Amino acid sequence: IPAFSQTPPNPFRVATEATFPPFEFQQGGQLTGFDIDLMRAIGEEADLNIDFRNLPFDGIIPALQARTVEAAISGMTITAERAQAISFSRPYFRAGLAIAVREDNKTIKNFEDLKGKRIAVQIGTTGALEATKIPGATVSQFDSAALALQELINGRVEAVVNDKPVTLYAIKQAGLRGVKVVGELLTEEFYGIALPKNSPYLQLINDALGRVIESGRYDAIFRQWFGE
Ligand code: GLN
């Protein structure tokens, strides 16, 4: 039964896992990133007093289900499985998974090459899900993509499966050394803003997101973070 729209709570609590640059991260103690700017723009459009809550990524869906937050924005891929537990806004970003290896690695070029290998991932992510499907692979799960990449640099795993824009940003913008991205996008994924099932605010968020896109503000935020 679709819920009727209601006056949104003040503050409007939005969960995020702030170790995922350039989408959400901390800089000088401040929350920043593409998703943060986008959600603030949506908040202005919808007249919401957004209050971000930093949660572990695998705690976000439980928090939505417990309704201790009204929404979440966290580079979260829209999947059929998640859509059984929570609701998603219209897609707002196209991403996908990519493989990262150490610069000197010449053997891993694609998904097939990961069979039987040691792989690091971020817990609860689509990357973790895909990695655990690889025959014979040993998958180590970490609380953040940064920790997974550190494990790669330290030589304890041979690859990381993570969202391509995040791994590329770590290499190109954040100066991560000794790591390269190989192969094509393994998956095509779309990020959505997550809400509890039957949230009365889904329409509000979708309408505001639509206005942020149509007004050109989305493009300005995109250019700011991805420089195109
Ligand atoms: N897009 C991936 C997912 O939804 C990773 C998200 C993240 O680590 N913040 O699982």
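Note that this is a predicted model, so its numbers are computed, not measured. Note that ligands are numbered from 1 as they come in the structure, with each ligand's atoms numbered from 1 the same way.
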Handout entry: Residues clustering with L185 (ILVMFWY side chains joined when closer than 4.5 Å, directly or via others)
Key =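 L185 shares its hydrophobic cluster with no other residue.
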
Problem - Close side-chain approach of F226 and Y169, heavy atoms under 4.5 Å - result: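 They are not in side-chain contact.
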
Exercise for the section: State plainly whether one hydrophobic cluster holds both L48 and V69, where clusters connect Ile, Leu, Val, Met, Phe, Trp and Tyr through side-chain heavy atoms under 4.5 angstrom apart. Expected result: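 No: no chain of side-chain contacts under 4.5 Å links L48 to V69.
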
Problem - K172, NZ atom: more than 12 neighbouring heavy atoms under 6.0 Å - result: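 Count not over threshold, so no.
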
Practice task
With sequence neighbours left out, write down each residue that passes side chain to side chain donor-acceptor pair (under 3.5 Å) with N105, or none if nothing qualifies.
Solution key: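 T107.
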
Practice task
Check each protein residue for a heavy atom under 4.0 Å from ligand 1 and list those that pass, ordered by chain and number.
Solution key: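 Within 4.0 Å of ligand 1, protein side: F20, F57, S74, G75, M76, T77, R82, Q122, T125, T126, D163, Y191.
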
Handout entry: Which residues share a ring pair (Phe, Tyr, Trp, His ring centres under 6.0 Å) with Y218, sequence neighbours left out
Key =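 Here the qualifying residues are F34.
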
